[in-house]
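Below is one structure, written out as structure tokens, with a few remarks after it.
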Amino acid sequence: MPGPATKQTTSRANTLFVCTECGTAEAKWHGQCPGCGEWNTLVEERPPQPLPGIRARKSGAARGGTRAAALAEPIVLSEIRAERVDRISTGIGEFDRVLGGGIVPGSLVLLGGSPGIGKSTLTGHALGNLIAAGETVLYVSGEESPEQIRMRHERLGDAALGVPVLAETDLQTVLETIDRHRPRVVVIDSIQTLHCADLSGAPGSVGQVREAAARLMQLAKTREIAMLLVGHVTKEGALAGPRVLEHLVDCVLQFEGERERSYRTLRGMKNRFGSTNEVGVFEMERGGLVEILDASARFVGEATGNPGSVVMCAMEGTRPLLVEIQALVSPTEVVPPRRVANGIDRNRLALVLAVLGRHGGIGLGAHDVFVNVAGGVRVEEPAADLAVALAIASAARGRALSHRDVPLACFGEIGLTGELREVPHADRRLEEASKFGLRRVVAPATASSAADVPFVRAAAGAEKTARNLRQALSAAFDADESADDVAANVVAITESFDT
Ligand code: TYD
Ligand code: MG
């Protein structure tokens, strides 16, 4: 007689439902946790079972039959000999850099990104390079058929066609196949498609994803197999379901960018073996993802220098990056007027507009304002405030900030009282600007203490830099005019907008 279908609410032998918020363990699934009252937080858990053929490594003491706890001795760090790990290079410079210098053998890397951003392309390309370098690899796909994968890899070049592929979603089969072949590097595309038959949840559910990752990790650590787990992100940009995974894995990388645009950034969010400040910049082309080694040169070259355009000295991790910020201001009847922000935070735009109106004398209450970071780059840091303000002011006045075709560069955070605030890495930003021949830079006053980088005086007076938005505006528009004249100009603008 066939038994009834397993329901979410029926527990199997040895299965527990544990609340992810408070840790309450229940034998049955509940919609609401009896412990803390949160909804939908109970996740199915199985007591850990050793994988077939893989036993957890025992300490020498445990093997000797003595209780390990009694013998455990703390060790002074200086007495530990740190083995130098030889990293495995993916052959993609930007990828290696974000990883902290290549893949660490036996490490678990979670690569998150929205659909179509290029996760399969990037990992496929890396595996192709590894094969060409004589490494053993395996590409496990739960999403695409081998034919589909072949079609993609054909575009990535001959090396990528040498990658062995396993199209499989059953976790146990995947584990056993990996264990049989023992490659150095495995890609799981994606972790959400793996299904563990011992758990009742659907593939992609928190319990399933966590179980799959935990068992893959066990295999990775015992066999020293590096694994790249591809994970999807939700609309909000969080790694779907597997937030829990972030604690488990060694490295979390986020692949970002707008699908319609060609530029993509690869960012480290967590890295046990390196800095999380590194960012790789890529462009999606017909033959796969291409690294952009000199993004600043590209963006400065593309900068128009027209009214409404300014170059911002941004930081992408530890690397300075020059990006063009553009603004358009146009009179409107619409109430409230439109504020459209691409690549910058909407709330920061609202703040900058308010400060421009209050302290910069540029009120745009009857104008639509559009701000765009060229190239589809996202600039999250507050240092973008000044660039946004200057681009809008330039658009509002219809006056270009560039001088003899050389764009104006700037950076700085704007405070609510109209002051210009210091931002980190002023020296590196200034250096980058000067490297690309941008000699006119408006920066917060404190930047003047930053090194002897030759940047041009910003304000008309003795100041090289600006202390507040008003000084920054006058510096940007009229390096040669006196501050008073500029103030008069700004007032005139306010008047023309009010009428
Ligand atoms: P893909 O790597 O499949 O994205 P993900 O795995 O993150 O969902 O590919 C993303 C897009 O890139 C896809 O729509 C097609 C495009 N693409 C190219 O433009 N050039 C190429 O060489 C490849 C392989 C893909
Ligand atoms: Mg994919």
Side-chain angles (χ1 to χ4, degrees), residues 90-95 98-99 103 109-132 137-169 174 185-195 203-204 209 212-213 216 227-242 245 249 251-269 279-292 298 375-378:
T90 62
I92 305 172
E94 298 281 285
F95 195 8
V98 177
L99 283 166
I103 304 173
V109 177
L110 180 62
L111 174 67
S114 46
I117 197 80
K119 302 180 294 297
S120 304
T121 308
L122 183 70
T123 49
H125 200 165
L127 290 190
N129 291 344
L130 286 167
I131 282 273
V137 303
L138 179 64
Y139 183 87
V140 179
S141 177
E143 304 200 328
E144 295 163 303
S145 67
E147 291 76 24
Q148 287 171 311
I149 300 167
R150 189 196 149 95
M151 265 155 57
R152 179 174 54 248
H153 281 219
E154 273 171 5
R155 306 168 72 173
L156 301 178
D158 289 341
L161 284 176
V163 176
V165 171
L166 174 71
E168 180 60 64
T169 57
V174 169
V185 182
V186 174
V187 168
I188 308 283
D189 191 2
S190 66
I191 185 75
Q192 275 107 339
T193 53
L194 287 188
H195 181 253
V209 165
L216 284 166
M227 298 198 186
L228 300 174
L229 311 180
V230 171
H232 294 286
V233 295
T234 57
K235 255 196 246 126
E236 298 81 47
L239 280 164
L245 292 190
V249 299
C251 208
V252 180
L253 307 183
Q254 186 84 270
F255 209 8
E256 293 169 339
E258 285 162 62
R259 200 158 29 156
E260 320 70 65
R261 305 292 194 76
S262 55
Y263 294 111
R264 273 108 219 253
T265 53
L266 184 67
R267 233 171 256 277
M269 318 291 282
V279 175
V281 184
F282 294 91
E283 188 172 17
M284 184 60 94
E285 286 183 359
R286 266 212 313 216
L289 287 160
V290 181
E291 305 164 56
I292 303 186
R298 177 86 69 105
V377 181
R378 268 203 82 77

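First listed ligand is number 1; within each ligand, the first listed atom is number 1. In this text, all values refer to a predicted model and were calculated from it rather than measured experimentally. What you see below is based on every heavy atom in this structure, not just the backbone, and it leaves out hydrogens, waters and symmetry mates.
- Looking at E94, its side chain does come within 3.5 Å of a backbone N or O of V281 through a donor-acceptor pair.
- In summary, the atoms of ligand 1 found under 4.0 Å from a heavy atom of E285, numbered by their order in the structure, are 18 (C), 19 (O), 20 (N), 21 (C), 22 (O).
- You'll find the side chain of P164 reaches within 4.5 Å of the side chain of I131, heavy atoms only.
- Of all the listed residues (R152, M151, E143, R155), R155 holds the heavy atom that lies closest to atom 25 (C) of ligand 1.
- For ligand 1, the atoms sitting less than 4.0 Å from at least one non-hydrogen atom of I117 are 4 (O), 7 (O), numbered in the order shown with element in parentheses.
- Residues L161 and R150 have side chains in contact (heavy-atom distance under 4.5 Å, counting atoms from C-beta outward).
- At under 3.5 Å, a nitrogen or oxygen of G116, whether backbone or side chain, sits near a nitrogen or oxygen of ligand 1.
- Residue contact check for ligand 1: G287 places a non-hydrogen atom closer than 4.0 Å to it.
- Checked against a 3.5 angstrom limit, the closest N/O atoms of P115 and ligand 1 fall outside it.
- In terms of heavy-atom proximity, L99 sits nearest to I103 at CD1-CG1, 3.7 Å.
- Taken from CD in E291 to NE2 in H125, the straight-line distance is 8.5 Å, to the nearest 0.5 Å.
- Taking any N or O of K119, backbone or side chain, at least one lies under 3.5 Å from an N or O belonging to ligand 1.
- The CD atom of E168 sits 11.0 Å away from the CD1 atom of I188 when rounded to the nearest 0.5 Å.
- Distances shorter than 2.8 Å separate the Mg ion (ligand 2) from the protein N/O/S atoms S120 OG.
- By the 3.5 Å distance cut-off applied to N or O atoms, G288 is counted among the residues near ligand 1.
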Item to check | Chi angles and distances behind the side chain to side chain contact (heavy atoms under 4.5 Å, CB included) call for L111, L266 | outcome: CA-CA 9 Å; L111 174 67; L266 184 67; 3.6 Å; yes
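- Relative to atom 1 (P) of ligand 1, the option among L289, V230, T121 with the closest non-hydrogen atom is T121.
- Atoms of ligand 1 found under 4.0 Å from any heavy atom of S120 (numbered from 1 in listed order, with element): 2 (O), 3 (O), 5 (P), 6 (O).
- Contact check for K119 versus D189: no side-chain heavy atoms found under the 4.5 Å cut-off.
- Residues V98 and R267 are not in side-chain contact: their nearest non-hydrogen atoms beyond the backbone lie 4.5 Å or more apart.
- Look at H153 and you'll find every heavy atom at least 4.0 Å from all atoms of ligand 1.
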